[in-house]
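Below, all heavy atoms of this structure are taken into account, side chains as well, without hydrogens, waters or symmetry copies. Numbers here simply count residues along the sequence, with the first being 1.
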Amino acid sequence: MQYILSADTAKIRYSMHTATHLTEIYTSEAGTVYQCDRQNRILLHFAGELSVLKVDAFLRLKYAVDSIDLDAMANSPSRASDFDIVTVCGCDRCFVLTLTELSALKELLAGARFILELNSMLHECLNADLV
(Lines give C-alpha, C1' and ligand atoms only; values in the text may rest on other atoms or scores of the structure.)
Protein backbone atom coordinates (compact mmCIF):
# COMPACT_ATOMS: atom_id res chain seq x y z
CA MET A 1 0.00 0.00 0.00
CA GLN A 2 1.16 3.48 -0.75
CA TYR A 3 0.42 6.47 1.42
CA ILE A 4 -0.15 9.87 -0.13
CA LEU A 5 -0.06 13.07 1.90
CA SER A 6 -2.41 15.72 0.62
CA ALA A 7 -0.93 19.08 1.57
CA ASP A 8 -4.18 21.05 1.61
CA THR A 9 -6.10 18.82 4.02
CA ALA A 10 -3.13 17.36 5.90
CA LYS A 11 -4.73 13.91 5.76
CA ILE A 12 -3.07 10.77 4.56
CA ARG A 13 -4.92 8.42 2.29
CA TYR A 14 -4.19 5.00 0.91
CA SER A 15 -3.78 4.91 -2.83
CA MET A 16 -6.42 2.19 -2.86
CA HIS A 17 -10.12 3.01 -3.02
CA THR A 18 -10.72 3.50 0.69
CA ALA A 19 -9.52 6.35 2.84
CA THR A 20 -8.11 5.53 6.25
CA HIS A 21 -8.41 7.80 9.23
CA LEU A 22 -5.09 8.44 10.88
CA THR A 23 -4.56 9.85 14.33
CA GLU A 24 -2.22 12.80 14.47
CA ILE A 25 0.15 12.11 17.33
CA TYR A 26 2.42 15.13 17.36
CA THR A 27 3.12 18.11 15.15
CA SER A 28 6.00 20.57 15.15
CA GLU A 29 7.28 23.07 12.62
CA ALA A 30 9.50 20.30 11.23
CA GLY A 31 6.79 17.76 10.54
CA THR A 32 4.05 15.52 11.84
CA VAL A 33 3.79 12.01 13.24
CA TYR A 34 0.62 10.01 12.57
CA GLN A 35 -0.58 6.66 13.87
CA CYS A 36 -2.42 4.16 11.69
CA ASP A 37 -4.24 1.67 13.90
CA ARG A 38 -5.46 -0.31 10.93
CA GLN A 39 -1.96 -1.24 9.76
CA ASN A 40 -0.24 -0.76 13.16
CA ARG A 41 2.18 1.76 11.67
CA ILE A 42 3.67 5.12 12.57
CA LEU A 43 3.88 7.61 9.70
CA LEU A 44 6.59 10.23 9.91
CA HIS A 45 6.17 13.27 7.69
CA PHE A 46 9.50 15.09 7.89
CA ALA A 47 11.40 17.30 5.43
CA GLY A 48 8.70 16.91 2.81
CA GLU A 49 8.89 13.11 2.78
CA LEU A 50 6.72 10.44 4.33
CA SER A 51 8.21 7.39 6.05
CA VAL A 52 6.01 4.48 7.10
CA LEU A 53 7.44 2.68 10.12
CA LYS A 54 6.47 -0.18 12.37
CA VAL A 55 6.49 0.84 16.02
CA ASP A 56 9.80 -0.94 16.71
CA ALA A 57 11.45 0.82 13.75
CA PHE A 58 10.13 4.15 15.05
CA LEU A 59 11.73 3.42 18.43
CA ARG A 60 15.02 2.42 16.76
CA LEU A 61 14.99 5.65 14.76
CA LYS A 62 14.40 7.68 17.92
CA TYR A 63 17.24 5.86 19.67
CA ALA A 64 19.59 6.44 16.71
CA VAL A 65 18.77 10.16 16.58
CA ASP A 66 19.05 10.52 20.37
CA SER A 67 22.49 8.89 20.34
CA ILE A 68 23.92 11.65 18.13
CA ASP A 69 25.83 14.25 20.14
CA LEU A 70 24.58 17.55 18.77
CA ASP A 71 26.94 19.59 20.97
CA ALA A 72 29.97 17.74 19.60
CA MET A 73 28.69 18.30 16.05
CA ALA A 74 28.24 22.01 16.67
CA ASN A 75 31.66 22.45 18.26
CA SER A 76 33.65 20.44 15.74
CA PRO A 77 35.54 22.44 13.10
CA SER A 78 35.57 19.45 10.73
CA ARG A 79 33.43 19.73 7.62
CA ALA A 80 32.48 16.07 8.11
CA SER A 81 30.57 17.04 11.24
CA ASP A 82 28.25 19.38 9.32
CA PHE A 83 25.83 16.51 8.70
CA ASP A 84 25.09 12.99 9.85
CA ILE A 85 23.57 9.95 8.15
CA VAL A 86 20.85 8.11 10.03
CA THR A 87 19.43 4.82 8.88
CA VAL A 88 17.73 2.04 10.79
CA CYS A 89 16.49 -1.42 9.97
CA GLY A 90 12.83 -1.33 9.07
CA CYS A 91 12.89 2.19 7.71
CA ASP A 92 12.64 2.72 3.97
CA ARG A 93 14.57 5.96 4.15
CA CYS A 94 18.14 7.04 4.76
CA PHE A 95 18.25 10.41 6.50
CA VAL A 96 21.14 12.74 5.59
CA LEU A 97 20.63 15.58 8.05
CA THR A 98 22.32 18.82 9.02
CA LEU A 99 22.64 19.90 12.63
CA THR A 100 19.45 21.96 12.52
CA GLU A 101 17.53 19.14 10.81
CA LEU A 102 18.78 16.66 13.42
CA SER A 103 17.67 18.96 16.20
CA ALA A 104 14.22 19.35 14.62
CA LEU A 105 13.87 15.59 14.05
CA LYS A 106 14.98 14.88 17.62
CA GLU A 107 12.31 17.24 18.95
CA LEU A 108 9.63 15.75 16.67
CA LEU A 109 10.43 12.16 17.67
CA ALA A 110 10.65 13.04 21.37
CA GLY A 111 7.26 14.74 21.29
CA ALA A 112 5.67 11.81 19.49
CA ARG A 113 7.21 9.30 21.89
CA PHE A 114 5.95 11.29 24.88
CA ILE A 115 2.39 11.40 23.51
CA LEU A 116 2.48 7.65 22.77
CA GLU A 117 3.62 6.89 26.33
CA LEU A 118 1.03 9.25 27.81
CA ASN A 119 -1.72 7.64 25.74
CA SER A 120 -0.60 4.19 26.88
CA MET A 121 -0.64 5.24 30.54
CA LEU A 122 -4.11 6.77 30.17
CA HIS A 123 -5.46 3.56 28.62
CA GLU A 124 -3.95 1.51 31.46
CA CYS A 125 -5.57 3.76 34.06
CA LEU A 126 -8.95 3.83 32.36
CA ASN A 127 -9.03 0.09 31.71
CA ALA A 128 -7.71 -1.00 35.11
CA ASP A 129 -10.01 -3.19 37.18
CA LEU A 130 -11.20 -1.29 40.20
CA VAL A 131 -10.85 -3.42 43.31
Do the side chains of [Y] and [X] get nearer than 4.5 Å, heavy atoms only?
| X | Y | result |
| --- | --- | --- |
| E124 | L122 | no |
| L50 | L44 | no |
| V33 | L43 | no |
| I68 | L97 | no |
| F46 | L108 | yes |
| L102 | D84 | yes |
| L61 | L109 | yes |
| D66 | K106 | yes |

Is [Y] reachable from [X] through a run of I, L, V, M, F, W or Y residues, each pair having side-chain heavy atoms under 4.5 Å apart?
| X | Y | value |
| --- | --- | --- |
| I115 | L126 | no |
| V55 | V65 | yes |
| F58 | V52 | no |
| V88 | L105 | yes |

Would you confirm whether [X], through its side chain, and [Y], through its main-chain N or O, come within 3.5 Å as a donor-acceptor pair?
| X | Y | value |
| --- | --- | --- |
| T23 | I25 | no |
| S76 | M73 | no |
| R60 | C89 | yes |

Are [X] and [Y] linked by a side-chain donor-acceptor pair shorter than 3.5 Å?
| X | Y | result |
| --- | --- | --- |
| E107 | Y26 | yes |
| E117 | N119 | no |
| T100 | T98 | yes |

Nearest heavy-atom pair of V86 and A64: which atoms, and what distance?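 That closest heavy-atom pairing would be CG1-CB, 4.0 Å.
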
Atom of A47, atom of R93 and distance for their closest heavy-atom approach: CB-NH2, 3.8 Å

Full working for side chain to side chain contact (heavy atoms under 4.5 Å, CB included) between F95 and S51: CA-CA 10 Å; F95 296 87; S51 298; 4.0 Å; yes

Could you walk me through whether L22 and R38 pass the side chain to side chain contact (heavy atoms under 4.5 Å, CB included) check? CA-CA 9 Å; L22 299 173; R38 186 178 200 193; over 6 Å; no

Residues clustered with V96, ILVMFWY side-chain links under 4.5 angstrom: F83, I85

In Å, rounded to the nearest 0.5 Å, how long is the span from NZ of K54 to CD of Q39? 10.5 Å

If you apply the rule side chain to side chain contact (heavy atoms under 4.5 Å, CB included), what do you find for R41 with L53, and how did you get there? CA-CA 6 Å; R41 300 285 189 265; L53 307 164; over 6 Å; no

Walk me through whether L116 and Q35 qualify under side chain to side chain contact (heavy atoms under 4.5 Å, CB included). CA-CA 9 Å; L116 287 170; Q35 178 177 341; 3.5 Å; yes

